[in-house]
Structures are given as C-alpha cells and as structure tokens.
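Convention: sequence-line order gives letters A, B, ...; per-chain numbering from 1.
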There are 4 protein chains.
Amino acid sequence: MDAPSPSADPSPWMPFESRRRARDEKREAVLRTAVQLFLEQGYHRVTLNDVAERLNITKPALYNYFRSKDEILFECWALGQESVDKLIAEINKGGGTALAKLRKLIHAYAEVMTTDYGASLVRFDPRDLTEANRKTVRAAKKRIDRTFRRYLADGVTDGSIKPCDPKLAAFAIAGSLNWIGHWYQRDRAWSGEAVAGQFAVQLTEGLAASPARKRSPVTSKSRPAKGGRK
Amino acid sequence: MDAPSPSADPSPWMPFESRRRARDEKREAVLRTAVQLFLEQGYHRVTLNDVAERLNITKPALYNYFRSKDEILFECWALGQESVDKLIAEINKGGGTALAKLRKLIHAYAEVMTTDYGASLVRFDPRDLTEANRKTVRAAKKRIDRTFRRYLADGVTDGSIKPCDPKLAAFAIAGSLNWIGHWYQRDRAWSGEAVAGQFAVQLTEGLAASPARKRSPVTSKSRPAKGGRK
Amino acid sequence: MDAPSPSADPSPWMPFESRRRARDEKREAVLRTAVQLFLEQGYHRVTLNDVAERLNITKPALYNYFRSKDEILFECWALGQESVDKLIAEINKGGGTALAKLRKLIHAYAEVMTTDYGASLVRFDPRDLTEANRKTVRAAKKRIDRTFRRYLADGVTDGSIKPCDPKLAAFAIAGSLNWIGHWYQRDRAWSGEAVAGQFAVQLTEGLAASPARKRSPVTSKSRPAKGGRK
Amino acid sequence: MDAPSPSADPSPWMPFESRRRARDEKREAVLRTAVQLFLEQGYHRVTLNDVAERLNITKPALYNYFRSKDEILFECWALGQESVDKLIAEINKGGGTALAKLRKLIHAYAEVMTTDYGASLVRFDPRDLTEANRKTVRAAKKRIDRTFRRYLADGVTDGSIKPCDPKLAAFAIAGSLNWIGHWYQRDRAWSGEAVAGQFAVQLTEGLAASPARKRSPVTSKSRPAKGGRK
DNA sequence: TATGAATGAGCATTCATTCAT
DNA sequence: CATGAATGAATGCTCATTCAT
C-alpha cells in the first residue's frame, strides 16, 4: 500500500502496468479517506492536510492524483452516482410491472444511501464544485428524478399504481430515501439491507393499486436470508 | 412570505431612508437577509460582507446585533424551530386519533419546510455552530423525531395506524418532509399549502389501518422484537 | 457590580445618584479608572468600552472629557509626573548636602512609585502617545534623570558622595526605584512609606563618602516633615 | 552583537541568495528580526507583516515556523531566559562567598540585559502570552528572584554581606539590572561588559560587610520581624 | 451632556495551490 | 513521485472614533 515499509519498496521502476495499478489504488485510497472525512466533518471543515495526514502522505502529494480539492469531492460523488446509474440500468433491463420496478429501485437506492459514496450524493453541496462538474451533477440528479417519475407514471398507466401526481410522489419517495444518507451514518441500528427492505415496503404501501392485485411480488423478493436480522 | 425580490424586501438601511426603525426590526432584517443568502449560496460561501452589503451597511455594523457569524446562523435556525415547536404544541393540545394528529403534523411541518427559516432547519449544518448551540439543535431535532415516533406508536396502539416500526416510519416520513427544504426553493410549481396538502395525504396513505384488511403482509416482516416500543 | 471596591471608589455616574458633580471630578474619575485598568491589564488590552463600563457610562461619553484614548493615557502619566515635579522642586528649594538631597529624592520618588499614577510613569509606553506628548514625556524623563545625576555629581563635588560615574549611578538608582512600579502592585507586603524608607537607606549606603565623615548627619535628618514614620 | 543594520544581519531569504539554510537557522532569523522589532516598536505595534517584510518573505510563511504571534514572543523570551538559567547554573556550580556569587550574578545578568533577548525578559509583557506560557514565565521570574534572595540571605549568614532584608535588597538590585534592558537600547555609550563591570561594583558596594564596622546603623531600621525569611 | 449606531482601518490566521528540489 | 516551503487571497472579528439624535 502506501506504507513506507522498506521491504514493500522493491524497485522504483516497476513494470508499467503494475505502476498504473498502484496509482489507481492510491487514488481510491484518497477517495475513501476523503469521503469519510467529508461526511464526518463536512467538506469545508476538512483541509487537504487532514486528508493527507490520515493517509500518511503530505498535502502536495494529493495533487499527483487530483487537480484540486473540489475534484476529489466530485470523484467521491461520481463513485456514488456510478452505483446508482448501474442499478437503474439493471432495473430498466429487467421486467415486471412499473410498481415492481419502483420497488426494486427503492430497495437498491436505499441500500446505496447507506454507503459512504452513496451518502455523498445527497450530503455534498454541488455548489462546491466547478461549474462543469456541477452541471454533471445536476444532469445526474435529473436522471434519477426522471426515473422515479417515469416508474410512477408508468405504474399509473399500467394500473399497478394508484393515480397520483408523479412529480410530488417522486419527491416524497426520493426524500425518504435521500434522508437515509443523513441519519444512517450515526444510527446503525439496522443493516443497510434491512433498511432497504423496510423502505421498499413502506414507501410503496400507499401506492399500490389495491383492487387489481392480490399478491405482492416484492415480498417474496426481499431477501430475508441475507442481511436480515433473522 | 419572504420573497426573494430585493425590492419587495426593503432593507431598513435603505440609503436616505428612514433609519428610525426599532432595533429588533433591524435584527430581523439581518436574519432575513442572512437566511436567504445562506440558503442561496451556502453558509461557508457567504461572507459577512455579503450580508452587510445587501443591507446597505458595513460588516462591523452587524456586530451591533450579533456576536458572531455562527450566532446569526443559529438565530435563523431558531426562528424555524420556533415555528415547529409552536405547531407541535398546538397539535398536541388538539384532539383526534394519532393518525389525525400525524396528518396535521405532516401538513404543518411540510408548510414550514417551504419557508426560508423552515428550510434552514434541514439545510444548515449544526457543525457550523458552537458546541452549546449545537446541543440545542440536537435536542430540538430529537424532540421533533420523538413526536413523529410517538404519533406513530400511539396510532398503532389506538388502531388508527397499521402496525409498523415507528422509528423507521418516522424516518421515512421526516425524510420526505425534510427533503422539501431542499427542492422547494428552486421548484415553486406549487404553493407551500398545496405541497403540504399533497404530502399529508400521500405520506399517510399507506399507514391508515384499513378496517377491511385484517392481515397486513408487512407485519410479519417488521421486526417486532427490535425497535418496537412494545 | 464588577468594580473591585464600589464603595471605596464610587463612580460619579452611579445610576440613581447625583449626577451633578463637577466636570473635573468626572475627568478625574475617568483617569482613576483608566489608570487602574491600564496597569492591571495593559493599555492595549483595555478598550474604551472597558473603561466606560466600569464607570457606568458609555464609550462615546468619554469623548466629552478626552479627545482620544492616548490622551487619557497621557493625562494619567501627567498626574504622576506632576507629583515628581513637585517633589523635585521642593527638594531643590530645601538645603542640605547633595547626598541628603539625593536621599530625599529617593525616598519621595520611591513613594510615588507605589501609587497608580506613579507606576504609570514607568509602566506606560510612550510610543502609545502622539508625537507631541511623547516629546513631553521624553523631556520630563530627561529632567528626572538630570536631577539624579546632578545630585550625584554635586555630591562628588561637595564630598558627601564617593567618586563615581554619575550617569551610571543614576541609572542604577533610578532602575531600583522605577522597578518598584512593576512589583509593588502585586506585592504589598510593605507600605509605600516603608519601601521608600528602606530604599533611601539601601541605595545610598554604598555612595556615602566614608573617610571624611564618621556620622551621617542625613540619617537623623531624613524627611523630618513629610512622610515621616513619626 | 545584533546590530540593527540590515546588511549586518542578512536574512536567509535574501532574494537570489542561498536558500539552502537549515530550518532552525530560519527560525532563528525570524526570532532575531522579531525581537528587534518588538523592542523597537512594541509588540502590539508590530504586525506579522512587518516581521515578514523585513525577512523578505510573506506573512503566512512565518506560520511554517511558529504557530502564532504570541509563540514568537514567547520564544524570544525563552532564548533570553535560557541565557539567564545557564548563567545561574554556572555560578551555582562555582565556589566563593555568597557576596562573590552575587557579584558574578550581577555581572552576568547585567550583560545579558544589554542583549536583545535579554532585554525581552523585562520589556515584554507576559500578559501577551497564552496562559500556559505565562505560567512558564512566572515560574522563571520566581526562580531568578529566589536566586538573588538566596545569595543575599546566604551572604548575611556567612558574614560576607551586611544584615539586610534580602527581599527588598533583591528588588533593589534586580530593579537596577532590569532597568538596563530599558535604557541600554538607546544609550550605547558603554559596552555591555563595561556596564556589567560597573554595576557589579556599584550594586554591591553598600552590601559588603566591612570587617572594621561592628555596628551597622541600618540593622536597627530594617524590620527583622516583618519580611525576614527567618 | 449622553447615547445608539455605524464605520474604516487593521490584523491574525487559514488554506488551497504552486514550485523548486 | 514526493516534499518542504512559500504564497495569495480571503475572512471573521476588534476597536477607536464619529455623528445624528
């Protein structure tokens, strides 16, 4: 790793490939440390010295991997966003009613929110980014929002969801989920999976169009064996 | 309410204007300006100069009314909290089932969230405050949280609300509501009242114990042993 | 009531008290308070607010009596200097050998040093004054210094004092005396008079021209009229 | 010694000069500059900018070597104190009568007082330091004071010094010496060594117990019951 | 005479960023 | 690659002083 141990320092001229890998690993280590500190103390209260110190390197060394503090912030955010994008893509690929998809989305999104990178999606302030990156963030947020709204609208159309205002409903659901990123850090009474399961049920309970459906497909899906507290 | 338009919100220091207003009015004017700027740009990006400039005074003049920047922040927060405390007190005084109370709480709280001071309750970072004030904030947040949970637990007891984990349900509801403070600023498609009305319905839709339904599929899943108030 | 001894040093602005006192009395009260604070905390750490507060008035009110903070400082100094000037004049008017005069000077000067205004002569920094006042201070210091040197030189001439470098001897004596202004505040084991008596003896012990004289006529003469121990 | 002339005291940051000097040298250079400025103009009138400017660096660069302005002040003081501690240790190690030791102490101490760091011992105001450092200063001052008193008391015991109140005598001697720190800066008519020599003689002239004299007129006057240490 | 309010000037300190080594 | 050193820009806060009332 980045430890200065002499034995771990075989040759300054490692093969190109492994050097690149080492570099990426260090980049990740920086992000891991940074995201933790940013969440713990808040972006503005964390100095690059704090980050460097925790990594046993010096401040300017960080500039080998990132061009600026806000780029670090952005990359943290990007890692979280990546998870969300992947998860949306996956759900979109899959089948099921709009309600089923929504449940999956809620479940997966909630779980992301219990991770550091996930929390950074809602805990970081885009105004700390450059205009360019801020635009990227805005676009991504819009994407997520549209996904929620689409599922809701589709659900109303395909009859799996009771008529409602998709925009407001999306806000309500997203709000519940995003809020996880704020309270989960300090209150780890449940596993991320458990929270996700609960929210998937709870947030869609009021949405399901009752008359048409007897069985709830999600119930059987919510992996009770895995993260459940038994 | 506090319209963002500067012309609609004249500073008591408007040059060549009556400077005779009461001290408290000026204090309030500072807070009004500060809360707007803090929400617009974020506490750390707003300098006291920015605040002063918008009020047509100079930076040190602010120190006639507040002892420090973080005290301004705290007072903004306190005004929002005051609204919430009042609203909770009122609802507690009134009657009705726990579900009815919860609906009222959601409605009123949602509406507060659409105001500047209300939004500051969830948009400001308590870590920017002194330890003493931070403690006050923490206590207040706890108070709100407990109120939500109590209504939920009481509802389960009095039969107006379906069995659920009050803690998680409270998080879900509070999340939806708190999130309003984040998106409402930029998206004023609805009036605060309209949002409140919608949320009051939507967030309780899934909670109401429908007398028709005897078995609740969720019940078996909601860990009755863990977080339940018994 | 933050005043150390309100009854002993009553402010002429004591609320609900007669506010009709003469202007000069108030001026003096300001100086009395100021000199205490300046000595206690140091000129730069004392704000005019501190001074005003202790007098139960407001900061700008001070400007009715003084034009600036450094003028207050200067006036404090001036009061001390006045004492010294008077005392020198008196001694000069009197008779006796140079050694006798020197003893009188030491005695009187030492006693002044144990007072607040006296201490301000050596505890205040002339660089805090305006150039004009600083010049006055410099002149006065020179005057004092010359007096010491003259007595010493005269003593060498008239045979009452052993040959010595008057300049250095003056520095030595003045140093001992001035230093009183630094330690006496905190260490009031002796009365000012007692200190003065001791120093008058001690500082001249090594100076008296021993061979010519068996008994020291000054000893019995030392201040028969003034601060005598009776 | 440390001449004020800039050419005689080159900054390690002299532009286009060797910047290779060791960190400690730079630290010292800061202190050298700072102590001069502090003595010249007074601590409160010297800004860190002034210090930095004279060193051809910028203000924040100072923070590479010191954590705060008052730390610089303290380190200046500490260097002076170090000299004094060393000198006391040396004298304590040596032999001789108490009077001889006292003379050595006076001589050495006087010489220290003619240096910048020495003068800072008596010209700087401990109230400008943090509480922790202030405590250190107080302790050191006490140490010096006790040394003077001890030599005096021992001298009285071993017969080398005439009976006297050690506390007051110590004050008188220390006052003369400390005062050097105030006047020597501006009046360099003598070398430090010359001053020291003169003072060593002058200040002990009156103390030596002349074997010829049996009765000491002072004895009856010096209240042996009051301040005496035994 | 006294004051509340305001201000201008100043200062220590922080920190992201750069650069020579 | 890594670092020690340096910096520019910024910012919160203080305080003597002024002024309208």
| task | Using both distances under 3.5 Å as the test, list the Watson-Crick or G-U wobble partner of F/dA20, or none. | result |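 Paired with E/dT3.
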
| Does any nucleotide pair with F/dG12 by Watson-Crick or G-U wobble geometry, both distances under 3.5 Å, and what is it? |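 Its partner is E/dC11.
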
To the nearest Å, give me how far apart [atom1] ([X]) and [atom2] ([N]) are.
{"X": "D/D70", "N": "E/dT13", "atom1": "CG", "atom2": "C1'", "answer": "12 Å"}
{"X": "C/F66", "N": "E/dT1", "atom1": "CZ", "atom2": "P", "answer": "13 Å"}
{"X": "D/E53", "N": "E/dC11", "atom1": "CD", "atom2": "P", "answer": "12 Å"}
{"X": "D/H44", "N": "F/dC15", "atom1": "NE2", "atom2": "C1'", "answer": "13 Å"}
{"X": "A/N49", "N": "F/dG4", "atom1": "CG", "atom2": "P", "answer": "11 Å"}
{"X": "C/E71", "N": "F/dT17", "atom1": "CD", "atom2": "C1'", "answer": "13 Å"}
{"X": "D/L55", "N": "F/dT7", "atom1": "CG", "atom2": "P", "answer": "11 Å"}
{"X": "A/D128", "N": "E/dA16", "atom1": "CG", "atom2": "P", "answer": "12 Å"}

| query | Considering heavy-atom distances to DNA chain E, does D/S68 or B/L62 have its closest nucleotide positioned more toward the 5' end? | reply |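 Between the two, 5'-proximity favours B/L62.
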
| If you pin C/P60 and D/Y43 to their nearest nucleotides in DNA chain E, which one's is more 5'? |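 Looking at the nearest nucleotide for each, C/P60 comes out on the 5' side.
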
| message | Between C/R67 and B/T47, which residue's closest nucleotide on DNA chain F lies nearer the 5′ terminus? | response |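 On the 5' side of the pair lies B/T47.
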
Which nucleotide in the list [options] gets nearest to the side chain of [X]?
{"X": "D/A61", "options": "F/dA16, F/dA2, F/dT7", "value": "F/dT7"}
{"X": "A/Y63", "options": "F/dA16, E/dA5, E/dA16", "value": "E/dA16"}
{"X": "B/L48", "options": "E/dT13, F/dA5, F/dC13", "value": "F/dC13"}
{"X": "C/T58", "options": "F/dT17, E/dT17, E/dT3", "value": "E/dT3"}
{"X": "B/R23", "options": "E/dA5, F/dT7, F/dG12", "value": "E/dA5"}
{"X": "B/I57", "options": "F/dC13, E/dT18, E/dT7", "value": "E/dT7"}

Can we say [X] and [Y] salt-bridge, meaning some charged N sits less than 4.0 Å from an Asp/Glu carboxylate O?
{"X": "A/K59", "Y": "A/E53", "result": "no"}
{"X": "C/R138", "Y": "C/E131", "result": "yes"}
{"X": "A/E25", "Y": "A/R32", "result": "no"}

| So which heavy atom on C/L55 is nearest to which on C/L62, and how close? |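 Reported closest heavy-atom pair: CD1-CD2, 4.3 Å.
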
| request: Could you check D/R54, D/R45, D/R123 and say which one makes a salt bridge (charged side-chain N to carboxylate O under 4.0 Å, His left out) with D/E40? | output: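 Of the listed options, the one satisfying the test is D/R54.
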
| message | What's C/V46 touching, base or sugar-phosphate or nothing? Going by heavy atoms closer than 4.0 Å. | response |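 Sugar-phosphate contact only.
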
| field | side-chain hydrogen bond (donor to acceptor under 3.5 Å, both in side chains) evaluation trace for B/H44 with B/D128 | value | CA-CA 9 Å; B/H44 286 104; B/D128 288 320; 2.9 Å; yes

Does [N] have its OP1 or OP2 closer than 4.0 Å to a side-chain nitrogen or oxygen of [X]?
{"X": "C/K59", "N": "E/dG4", "value": "no"}
{"X": "A/Y65", "N": "F/dC1", "value": "no"}
{"X": "C/N64", "N": "E/dA2", "value": "yes"}

